[in-house]
Amino acid sequence: MSTTNPKLFNFFEDVYAVVRLIPKGRVTSYGAIAAYLGAKGSSRMVGWAMNGAHNVKPKVPAQRVVNRNGLLTGKHHFGPSDEMEKLLLKDGVKVENDKVVNFAKVFWDPMVELSIED
DNA sequence: CGATTGACGTACG
DNA sequence: TCGTACGCCAATC
């Protein structure tokens, strides 16, 4: 905690907040969240924030967050290798070959959905 | 305290 | 089109 200032630590909370705002049947990418928070180049921090997504309450639907290719890169972090796919499928998101089907169609961009401009 | 890693993404050849 | 390099910042070794 000494290396992490409370103010900067809020970045993680923002990530969790945005992820929780993801509608059912939709997915987004780490970079999209990072860009929305103004940390476009810090996409890794989003992924690192998700690392604690299981530890926060209410739990964060991290399964709705995939990489830019729509690939379920973090599925291994859910425990069972098919847990993430199962959660997405339950949300109505089809997953095939560890990848989101119609990714562009189910893609939920916080920059647009949350209306950055008027 | 320095080096390495990591659920990413972009740039370059 | 594909592979490699680098940046980003925090946590871990």
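What you see below is based on every heavy atom in this structure, not just the backbone, and it leaves out hydrogens, waters and symmetry mates. Below, chains carry the letters A, B, ... as their sequence lines are ordered, and counting in each starts from 1.
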A:Asn69 side-chain N/O to A:Leu71 backbone N/O, donor-acceptor pair under 3.5 Å: no
Give a yes or no answer on whether the side chain of A:Arg26 reaches the backbone of A:Trp108 with a donor-acceptor pair at less than 3.5 Å. no
Rounded to whole angstrom units, what separation is found between the OH atom of A:Tyr30 and the P atom of C:dA10? 19 Å
Closest to the A:Phe78 side chain, choosing from C:dC9, C:dA10, B:dA7: B:dA7
With no hydrogens and no angle check, is any side-chain donor or acceptor of A:Tyr36 less than 3.5 Å from a backbone partner on A:Leu114? no
Looking only at C:dA10, B:dA7, B:dG9, the nucleotide nearest the A:Ser29 side chain is B:dG9
If you look at every strand shown and take non-hydrogen atoms under 4.0 Å, does A:Ala49 touch a base, only sugar-phosphate, or nothing? nothing
How many whole angstroms separate atom CE of A:Met45 from atom P of B:dT5? 15 Å
Rounded to whole angstroms, how far apart are CG on A:Leu87 and C1' on B:dA7? 15 Å
In whole angstrom, what separates A:Lys75's NZ from B:dG6's P? 17 Å
Report the distance from atom CZ of A:Arg68 to atom C1' of B:dA7, rounded to the nearest whole Å. 16 Å
Length of the line joining A:His77:NE2 and C:dA11:C1', which is rounded to integer Å: 13 Å
Please give the distance between the P atoms of C:dC6 and B:dT4 as a whole number of Å. 14 Å
For C:dG3 and B:dA7, measure between their C1' atoms and round to the nearest Å. 22 Å
From B:dA7, C:dC9, B:dG9, nucleotide with atom closest to A:Asn51 side chain: B:dA7
Options C:dA11, C:dG7, B:dA7, nucleotide nearest the side-chain atoms of A:Trp48: C:dA11
Identify which nucleotide among C:dG7, B:dT10, B:dA7 has an atom closest to any side-chain atom of A:Ser43, counting heavy atoms from C-beta outward. C:dG7
Short question: side chain of A:Tyr30, backbone of A:Val65 - any donor-acceptor pair under 3.5 Å? yes
Side chain of A:Ser42 only, please: which of C:dA10, C:dC9, B:dA7 is the nearest? C:dC9
Using atom CZ of A:Phe12 as one end and atom C1' of B:dA7 as the other, report the distance to the nearest whole Å. 12 Å
Of A:Lys40 and A:Gly47, whose closest DNA chain B nucleotide lies nearer the 5' terminus? A:Gly47
How far, in whole Å, is C:dC8 from B:dC1 if one measures between their P atoms? 23 Å
What integer distance in Å separates A:Asp14:CG from C:dC9:C1'? 16 Å
So, do A:Glu85 and A:Lys75 sit near enough that their side-chain heavy atoms are less than 4.5 Å apart? yes
